[in-house]
Structure formats: C-alpha cells, structure tokens
Amino acid sequence: MREAARAEDLLEWYDRHARDLPWRIGPRARAAGVRPDPYRVWLSEIMLQQTTVPAVKPYFEAFTARWPTVSDLAAAEDADVMAAWAGLGYYARARNLLKCARVVASEHGGVFPDSQEALLQLPGVGPYTAGAVAAIAYDLPATVVDGNVERVMARLHDEHTPLPDAKPVLTGYAAALTPDERPGCYAQAVMDLGATICTPRNPACGLCPWRPSCAAWDAGTAAELPKKVPKKRKPVRLGIAYLARRVDGAWLLERRPDKGLLGGMLGWPGSEWNEAPEEAPPIRAEWKTLPEEARHTFTHFHLRLTVKTALVPMERVPSRGEFVELPAFSPSDLPTVMRKAFDLARGS
DNA sequence: GAACCGTGGGT
DNA sequence: TACCCAAGGTT
C-alpha cells in the first residue's frame, strides 16, 4: 500500500535544495521570521507567468533597481515601463502591471492586500498569482496551482484526464496537500520540485522525495503525464514593415494601440498581418525592399515580415508615426519582432 | 469554453 | 524543421 504524500517531506527536501533566486530571501532571514517584500513577490510572479526563470532574472533586476517600490513603479511613465518590458513578451502583463501598481499606490496606501480574495481583484492578478503572493509574501495557506503543480499532481495521482479538463481535479489534489505550517515555503517547494525534479521530460524520479507516494511511478507513466489536448498548428501570416530613417538619423516609429497583439508597444508602421497584406507606406519615399524577410513566431501564428527601408529628408511629414532621434530611441525598446526588422535594416 | 496573447531554449 | 515547454490572465 502506497503512503499518502506529505507536505513535510517536501519541505524537508526544499530546505536542502531551495534555489537562490533574486526574489527570494535567504533561509537565515526566513528562520528569523522575515517575510519577502510583497512588491518583489508580485513583480516576480507577473514576470514568471509563462516565462522561464533565466529570461526573467535580468528584467527583475532592472525593474527593482529602477523602481524599488510599488509607489515608484506607479509613478513611472507608461512608455518607460513598456520599453523596460520589451523582449519579455505578453505585453498585456506590462500594461496590467502599471494599472495594478497604481491601484495599490492610490487605493491601498502602497501596500499589497494580504488576502487572496483582495489580491484577485487587482489587474493582471489571477487565481495563481493571488495564491502565490498570499502564500509567499504573507505565509497564508493558499492553494497555488501552476503548470508545475498540475504536472506533479497528475503524476502523484496517475491522473490521465487531459488538461485543461483535469484542472479542477488536480486543484483539489493540490488543496488537500497544502499545509498550515510554512505554506509559503511549501508553495515554492512544489513548484521547485516540478521545475527541477518532476520535469516535463525525463523526470528525475530517483531524486524525488515523493516517489514513495507517486502513483505514476508505480504505474511507470510519470513521463507521459500530464496528458494535454493537442494544439492547433499555427497558420502563416504575411506583413510589410516600413523603416524610414531621416537624414539626421531619426527613425519613424509608431505606438501600437493598447489592445491586441503587442499592445502599447513601439513598432514600425506597416501593413496589416494577414494572407495578402496591402502596401501602407507611412511617408512618401523611395522604398527599397530588403532581400531577406524577418521571420517571427507568435503564440498563434507564424509571421513573415517584408522589410522596406527609405532615407527621407528633414522636412518630409509622415502620415503615420513620429520620428524619434537616436538617444531617445533604443532598439532594445522594441518587441522582438520589431527588433528583428531593425537588425535586418542595419545589416547586423 | 475557446481564443488570444511573446519569447527563447530544448529536443 | 517543427513542436513542446515555461511560476497564466483576460475577453
């Protein structure tokens, strides 16, 4: 008979194997009763949504250095925050990040709410993030279910129902395991287990503290769980981007509308992205088409972007966008697809 | 519930 | 090359 998994066994493992991450506090401080700064916990959790730890680290360091508190962030210019987020993806997170910071600053006195229910009301904060902040920052026994936890629970219980249908059942399993002692450490421990031991492929079951309790280990099915419904394949869309450089070196850029793809980000004026894009030059010029197109894959389609360039005189007025001189504009302010087009135009 | 929303790394 | 995957949320 298999013994039920115990939270304390995982906590013991965590105390020996916890990773040192920029948004975590050390074990000595934790033992002394210090809690991590809710602002840093929240910021890290937003950045970590669907994003890997290595990708997040430099952005987290940059944000916390530039905006040390939520009130600092609330006072930031929109364009500065969007530029700082450029390259990290899912730009609605950055827009909601600012909204949330301003709500916390103006309606909560600069202090994050200390309940999962209140956290859930904040922009960009869903069930996972509300639980994570409640648990990690406030040590509340919230049930935290991310992709790691889903995978760990599916394997512990040898659950073969495909996601997302299995989500409620897996959440129930996770809730039953959540302890009243050290729930913040426990939440991070399950996610660390999923990230380092109970991995999607080639799980290191030999190192797993919960192997004696794992139904999938017994059944030999761990590596094939969790089941997921197959994804649709991505269609190819075409587009045209216009990179106009004024003789003084300024580039013609356009702020994208707040909603939709790359919402709120800076980009090159261009056509719609579809099966047969139409010419849409933002300024009268002799446009040259680059020999190579910029290729980029988004969440739900592949893009092949034709890049056109032109050199325009000082007095020429664009029909769309604004010229931005070089010190005010850095290519690192652009989302990746736009930076790819820029790199092609510069020949780098 | 399903679609939408980025990016980089691994296999 | 193509697909999978990552500490999801919003509409």
Side-chain angles (χ1 to χ4, degrees), chain A residues 19 21-24 36 40-60 82 85-97 99-100 119-137 142-152 163-165 167-168 171 174 184 186-196 198-203 223-224 226-237 256-265 267 273 295-303 334-340:
Chain A
R19 292 176 291 171
L21 299 171
W23 42 88
R24 288 185 174 170
R40 294 168 64 89
V41 174
W42 162 76
L43 178 62
S44 68
E45 292 300 342
I46 300 295
M47 288 183 166
L48 285 163
Q49 289 170 7
Q50 301 290 286
T51 309
T52 58
V53 166
V56 164
K57 275 184 180 173
Y59 286 86
F60 180 83
M82 299 312 287
W85 196 275
L88 198 53
Y90 284 135
Y91 297 99
R93 292 185 295 174
R95 301 194 300 275
N96 287 326
L97 188 81
K99 280 188 197 171
C100 181
L119 287 162
L120 201 47
Q121 302 306 312
L122 298 170
V125 175
Y128 163 75
T129 305
V133 174
I136 298 169
T143 298
V144 175
V145 184
D146 72 332
N148 289 306
V149 178
E150 288 176 350
R151 185 170 58 256
V152 170
L163 285 166
D165 286 357
K167 174 106 180 177
T171 299
Y186 173 79
Q188 295 171 90
V190 191
M191 294 190 283
D192 269 22
L193 186 74
T196 63
C198 196
T199 51
R201 283 178 292 244
N202 303 316
E224 61 191 70
K227 302 284 190 185
K228 296 190 176 180
V229 296
K231 293 171 180 169
K232 292 192 298 188
R233 53 184 297 270
K234 301 173 179 10
V236 175
R237 293 188 195 172
R256 298 173 63 88
D258 262 351
K259 300 204 173 193
L261 190 67
L262 308 179
M265 296 301 290
W273 296 344
R295 294 192 172 214
H296 191 74
T297 298
F298 292 100
T299 310
H300 53 292
F301 66 93
H302 302 286
L303 177 66
L334 298 173
T336 298
V337 63
M338 301 296 178
R339 190 179 48 70
K340 284 183 180 177

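The sequence lines fix the lettering, A, B, ..., with proteins before strands; numbering per chain opens at 1.
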Exercise. How is A:Pro335 classified with respect to the nucleic acid when contacts are heavy atoms under 4.0 Å: base, sugar-phosphate, or nothing?
Worked result: sugar-phosphate
Exercise. Between A:Leu334 (CG) and B:dG6 (P), how many Å, whole number?
Worked result: 14 Å
Problem set entry | d(CZ, A:Arg237; P, B:dA3) in whole Å | 13 Å
For this session: Between A:Gln188 and A:Lys259, name the one whose nearest nucleotide on DNA chain C is closer to the 5' end.
Result: A:Gln188
Exercise. Base, sugar-phosphate, or nothing for A:Leu262, non-hydrogen atoms under 4.0 angstrom?
Worked result: sugar-phosphate
Seminar exercise, completed: Among C:dA7, B:dT7, C:dC5, the one nearest any side-chain atom of A:His296 is B:dT7
Seminar exercise, completed: Here the distance between atom C1' of B:dC4 and atom CD of A:Gln50, to the nearest Å, is 12 Å
For this session: Could you state the atom-to-atom distance from CG of A:Leu21 to P of C:dA6 in whole Å?
Result: 17 Å
Exercise. Out of C:dA7, C:dC4, C:dT10, which nucleotide sits closest to the side chain of A:Asn96?
Worked result: C:dT10
Seminar exercise, completed: Rounded to whole Å, the CE-C1' distance (A:Met265 to B:dT7) equals 12 Å
For this session: Using a heavy-atom cut-off of under 4.0 Å over every strand shown, decide if A:Gly87 touches base, sugar-phosphate, or nothing.
Result: sugar-phosphate
For this session: Report yes if a side-chain nitrogen or oxygen of A:Gln49 is closer than 4.0 Å to either non-bridging phosphate oxygen (OP1 or OP2) of C:dG8; otherwise report no.
Result: no
For this session: Could you tell me whether the side chain of A:Thr299 has a donor or acceptor atom within less than 3.5 Å of a complementary atom in the base of B:dG6?
Result: yes
Exercise. Are any of A:Lys340's side-chain N or O atoms less than 4.0 Å away from OP1 or OP2 of B:dG6?
Worked result: no
Problem set entry | Distance between P atoms of C:dA7 and B:dC5 (Å, rounded) | 23 Å
Exercise. Looking across every strand, which nucleic acid part, if any, lies under 4.0 Å from A:Pro127 by heavy atom: base, sugar-phosphate, or nothing?
Worked result: sugar-phosphate
For this session: Could you please spell out the steps behind the ring pair (Phe, Tyr, Trp, His ring centres under 6.0 Å) verdict for A:His300 and A:Phe298?
Result: CA-CA 6 Å; A:His300 53 292; A:Phe298 292 100; 7.7 Å; no
Exercise. At under 4.0 Å between heavy atoms, what does A:Thr51 touch on the DNA or RNA strands: base, sugar-phosphate, or nothing?
Worked result: base
Exercise. In whole Å, what is the span from the CD atom of A:Glu150 to the C1' atom of C:dA7?
Worked result: 11 Å
Exercise. Hey, does A:Trp23 reach any base, or is it just sugar-phosphate, or nothing, if we go heavy atoms under 4.0 Å?
Worked result: base
Exercise. Can you find a donor-acceptor N/O pair under 3.5 angstrom joining the side chain of A:Arg19 to the base of C:dA7?
Worked result: yes
Exercise. Within the structure shown, what part of the strands sits under 4.0 Å from A:Lys232 by heavy-atom distance: base, sugar-phosphate, or nothing?
Worked result: sugar-phosphate
Exercise. Distance between the C1' atoms of B:dG6 and C:dC4, in whole angstroms?
Worked result: 15 Å
Exercise. Within the side chain of A:Arg151, is there an N or O that forms a donor-acceptor pair under 3.5 Å with the backbone of A:Gly194?
Worked result: yes
Exercise. Counting N and O atoms only, with roles assigned by atom type, does the side chain of A:Arg24 sit under 3.5 Å from a partner on the main chain of A:Pro36, one being a donor and the other an acceptor?
Worked result: no
Exercise. To the nearest 0.5 Å, how far apart are CG in A:Asp192 and CZ in A:Arg19?
Worked result: 4.0 Å
Exercise. If you pin A:Leu261 and A:Asn202 to their nearest nucleotides in DNA chain B, which one's is more 5'?
Worked result: A:Leu261
Problem set entry | Test item: A:Arg93 side-chain N/O and A:Gly124 main-chain N/O as donor-acceptor pair under 3.5 Å | no
Exercise. Does any donor atom in the side chain of A:Tyr128 or A:Glu45 lie under 3.5 Å from an acceptor atom in the other side chain?
Worked result: yes
Exercise. Which of these nucleotides, C:dC4, B:dG6, B:dG8, is closest to any side-chain atom of A:Arg339?
Worked result: B:dG8
Exercise. With sugar-phosphate meaning primed atoms plus P, OP1 and OP2, does A:Leu120 contact a base, only sugar-phosphate, or nothing at under 4.0 Å between heavy atoms?
Worked result: nothing
Seminar exercise, completed: From the candidates C:dA7, B:dG8, B:dC4, the one with an atom nearest any side-chain atom of A:Leu48 is C:dA7
For this session: Give one of base, sugar-phosphate or nothing for A:Val125, where a contact means two heavy atoms less than 4.0 Å apart.
Result: sugar-phosphate
Problem set entry | Toward the 5' end of DNA chain C, by each residue's nearest nucleotide, A:Lys99 or A:Tyr90 | A:Tyr90
Exercise. Donor-acceptor pair, A:Ser44 side chain versus A:Val41 backbone, under 3.5 Å?
Worked result: yes
For this session: Ignoring backbone atoms, test whether A:Arg151 places a side-chain nitrogen or oxygen under 4.0 Å from the OP1 or OP2 oxygen of C:dA6.
Result: yes
Exercise. Taking CZ from A:Arg93 and P from B:dG6, how many angstroms apart are they, rounded to a whole number?
Worked result: 9 Å
Seminar exercise, completed: Rounded to whole Å, NZ of A:Lys167 lies from P of B:dG1 at a distance of 12 Å
Problem set entry | Presence of A:Thr129 side-chain N/O under 4.0 Å of C:dG9 phosphate oxygens OP1/OP2 | yes
For this session: Assign each of A:Arg201 and A:Val337 to its nearest nucleotide of DNA chain B by heavy atoms, then name whichever residue's nucleotide is nearer the 5' end.
Result: A:Val337
